[in-house]
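I have placed the structure first, in the form of structure tokens, so that the comments after it can refer back to it.
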Amino acid sequence: MPLTSATSTSSRLVATRLRALLVWASRSRRNAMVLLVATSLLAFLPGFFTLPPIDRDEARFAQATKQMVESGDYIDIRFQEESRYKKPVGIYWLQALVVNGAEAIGVREALTRIWLYRIPSLTGAIAAVLLTWWTALAFVSRRGAVLAGLMMAGSILLGVEARLAKTDAMLLATVVAAMGAMARAYLVERGVRREDDRRPWMLPAIFWTAMAAGFLIKGPLILMVVGLTVVALAVVDRSARFLLRLRPLPGLAWMLLLVLPWFVAIVMKSGDSFFAESVGRDLWAKVGSGQESHGAPPGYYLLLFWGTFFPASILVPMAAGAVWRGRRHPAVVYLLAWLVPTWLAFEAAMTKLPHYVLPVYPAVAILLALVIDHRALSTNKWLRRAPMWWFILIAALAIGLIVINITIGQRLGLITWGLSAAALIVALVAWWLFEADGVEVSLMRAVVASMLISTAAFAATFATIGPLFPSLQLARFVAFGQCDRPAVATAGFHEPSLVFLVGTQVQHVTGPGAADFLAAGDGRCRYAFVDSRHERAFAQRAEALGLRYRSGLRLEGVNISSGRSVSIAAFVGGLP
């Protein structure tokens, strides 16, 4: 596929500017942070404000936070009347802080604006990018550290988590902070780095504060990542003396000081219910069984890695040989100790979700940056063809988005076509000029392609197709009635997003129960949403009661959490 003279000149100009940008970012910490924050915002913001609540986890977290704000109880965690003790309180506090702040400055309907609940995740994702860069500075040059940060900013999986109001992006930030501090202590002990005598307490403070924050956000998972790394290093080096540089006794006391008050408060409020649910019914259930139909065999994360860590994942085959050859170097030992044991632990667990391995992706990014820094990527002609997958995977995603627009959205989706075409062109150039431009410029092009296809997906496709979000359509129907206190029941469609958007008072009933619900009150402010599977039972019960009601909209859509089509009829109580 020869390039025309004009195209070749344009590509060389772009390549020159990308190299200049990388040189500029490498000159100072301020420049690097500016580039990484700007890239993160461009990667994470499309769709951030416009995507409705996503079922099920995001809507559950947001609704539990909403109930905290409504009730003023910031100790207990509840979803409607049920306790929600699967995770500690950290993320709920962060979300509540944002929502309360928004209400204080006059943001209208702050309680049901899902993007407010996503701000901690966005903050955590940007912090994770910056902390990956900071951690990488202990291993590679400034230039390599910027590349590692760009790999994380362009990662498809982190882009997803940045847009979801749940724990994983913020947890990632705490893990990278802890692992970055521990890395410096380890490398000083191994004689690779010099100790900073001016601030001897800085690394312990970062490490133990990050451990406390991670524990409050997602319980013992951060302990697992750090603990497995320490065990692996102790086995390989036959020593764990580097831990003494982290001041373990005062550090542990500081960590307990931060985490114990809430745990004491929740135990006083709920007894042993929190630990029974979070450890017994959540943690151990995920280890021993495929919880909530999320079971998968070993190898699941390796298969997904090529897409979830895209586009940087495509470089891994070219870097693997250099990593193996340098496996005895302290820097590589540390990064592999961070990566391998935790990855194997997740592969061994029965319950598997794509985001579980996110805490080890920074280790992969830094290993890649280390190999690029040493110009040690494989020269094998077959491995050097790997960048063609930048184009192939972008093409597959583009086709998928166009199919969604046509089949579900019932439209062409011209904006999606335009953004997808731009992503394809950039990915094609990144692949085609890989040898001419070099890995750094090609990777930066691939990150741009990833950002363009993400914009096509989250902003131009998903956020604009109403049938993908039945709860939003039902909530708008209720709002159109302009009732001060609408009463709502739902039969067959029991997604948490409906509770978040319509109100905590939503009742979950059967088909006959929906008819009883409408019969129990007067006036037009009682709404029943009945899935087609329950509609016949509803009609039979309504006829038996002699119920007067009005039919509202009929909604044909897709339940995004299950992928199944839904047909929901809305009924409104008749006048007395």
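We count residues from 1, following the sequence as given.
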Ignoring hydrogens and angles, tell me if any N or O in the side chain of [X] forms a donor-acceptor pair with the backbone of [Y] under 3.5 Å.
X: Asp373; Y: Ser141; result: yes
X: His329; Y: Ala331; result: yes
X: Tyr117; Y: Ala165; result: no
X: Glu58; Y: Pro53; result: no
X: Lys352; Y: Glu347; result: yes
X: Ser121; Y: Lys166; result: yes
X: Trp417; Y: Leu412; result: yes
X: Trp133; Y: Leu36; result: no
X: Ser313; Y: Trp306; result: yes
X: Arg118; Y: Arg163; result: yes

Would Arg385 and Trp382 count as a cation-pi pair here, with the cationic atom under 6.0 angstrom from the ring centre and within 45° of the axis?
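Yes.
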Regarding Arg445 and the six-membered ring of Trp431, is the cationic atom NZ or CZ under 6.0 Å from the ring centre and inside 45° of its axis?
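No, Arg445 does not lie over the aromatic ring of Trp431.
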How many angstroms lie between [atom1] in [X] and [atom2] in [Y], if you round to the nearest 0.5 Å?
X: Leu401; Y: Ile406; atom1: CG; atom2: CD1; answer: 11.0 Å
X: Leu424; Y: Phe391; atom1: CG; atom2: CZ; answer: 5.5 Å
X: Leu18; Y: Met444; atom1: CG; atom2: CE; answer: 5.0 Å
X: Ile560; Y: Ile408; atom1: CD1; atom2: CD1; answer: 8.5 Å
X: Leu335; Y: Leu367; atom1: CG; atom2: CG; answer: 4.5 Å
X: Leu216; Y: Thr167; atom1: CG; atom2: OG1; answer: 12.5 Å

Please report the C-alpha distance between Val429 and Trp390 in whole Å, then the side-chain angles of each, then the deciding distance to 0.1 Å, and finally whether the side chain to side chain contact (heavy atoms under 4.5 Å, CB included) criterion is met.
CA-CA 10 Å; Val429 174; Trp390 284 334; over 6 Å; no
Pairwise side-chain contact, [X] with [Y], heavy-atom cut-off 4.5 Å (strictly under):
X: Arg17; Y: Leu21; result: no
X: Val146; Y: Arg142; result: no
X: Ile105; Y: Val107; result: yes
X: Met388; Y: Ile314; result: no
X: Thr229; Y: Met179; result: yes
X: Arg184; Y: Leu137; result: yes
X: Asp57; Y: Leu164; result: no
X: Phe49; Y: Leu116; result: no

Apply the test side chain to side chain contact (heavy atoms under 4.5 Å, CB included) to residues Leu344 and Leu228: give CA-CA distance (whole Å), side-chain angles for both, the deciding distance (0.1 Å), then the verdict.
CA-CA 10 Å; Leu344 293 177; Leu228 287 175; over 6 Å; no
Establish, yes or no, whether a centroid distance under 6.0 Å links the rings of Tyr92 and Phe61.
yes
Is Arg245 salt-bridged to Glu189, going by a charged N under 4.0 Å from an acidic O?
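Counted as a salt bridge, because a side-chain N and a carboxylate O are separated by less than 4.0 Å.
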Closest approach of [X] and [Y], non-hydrogen atoms and distance?
X: Val140; Y: Ala145; answer: CG2-N, 3.3 Å
X: Ala210; Y: Ile222; answer: O-CD1, 3.5 Å
X: Ala102; Y: Ala110; answer: CB-CB, 4.1 Å
X: Gly214; Y: Thr174; answer: CA-OG1, 3.4 Å
X: Ala337; Y: Leu233; answer: CB-CD2, 3.6 Å
X: Ser11; Y: Leu433; answer: CB-CD1, 3.5 Å

Once the angle between the rings of Tyr356 and Tyr301 is folded into 0 to 90°, is it parallel (under 30°), tilted (30 to 60°) or perpendicular (over 60°)?
tilted
Please state whether the rings of Phe309 and Phe305 are parallel, tilted or perpendicular, taking 30° and 60° as the class boundaries.
parallel
Do Thr308 and Tyr361 pair up side chain to side chain, a donor and an acceptor below 3.5 Å, judged on atom types alone?
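Yes - a donor-acceptor pair under 3.5 Å links their side chains.
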Would you say the side-chain atoms of Ser442 and Asp437 include a donor-acceptor pair closer than 3.5 Å?
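There is no such pair between these side chains.
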Taking atom [atom1] of [X] as the centre, report whether more than 12 heavy atoms of other residues, nucleotides or ligands fall under 6.0 Å from it.
X: Trp134; atom1: CH2; value: yes
X: Met224; atom1: CE; value: yes
X: Arg327; atom1: CZ; value: yes
X: Ile415; atom1: CD1; value: no

Criterion side-chain contact (heavy atoms from CB on, under 4.5 Å) against Phe458, the qualifying member of Val160, Leu45, Thr50
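Among Val160, Leu45, Thr50, the one that satisfies the side-chain contact (heavy atoms from CB on, under 4.5 Å) with Phe458 is Val160.
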Any pair counted as side chain to side chain donor-acceptor pair (under 3.5 Å), so long as it reaches residues 31-40, sequence neighbours left out:
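Pairs touching residues 31-40 that pass the test: Ser28-Asn31.
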Taking side chain to side chain donor-acceptor pair (under 3.5 Å) as the cut-off, I'd like each qualifying pair that reaches into residues 391-412, sequence neighbours left out, listed once.
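As it turns out, the side chain to side chain donor-acceptor pair (under 3.5 Å) pairs with a partner in residues 391-412, which skip direct neighbours, are Asn405-Arg411, Asn405-Thr416, Asn405-Thr461, Arg411-Thr464.
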Does the pair Leu172 and Glu161 meet the rule for a side chain to side chain contact (heavy atoms under 4.5 Å, CB included), with working shown?
CA-CA 10 Å; Leu172 175 63; Glu161 294 301 327; over 6 Å; no
Can you list the steps and then say if Ile372 with Arg143 is a side chain to side chain contact (heavy atoms under 4.5 Å, CB included)?
CA-CA 10 Å; Ile372 293 170; Arg143 193 180 182 110; over 6 Å; no
Identified ring-ring contact (aromatic ring centres under 6.0 Å, His included) counterpart of Tyr186 within the set Phe242, Trp338, Phe139
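One option only clears the test, and that one is Phe242.
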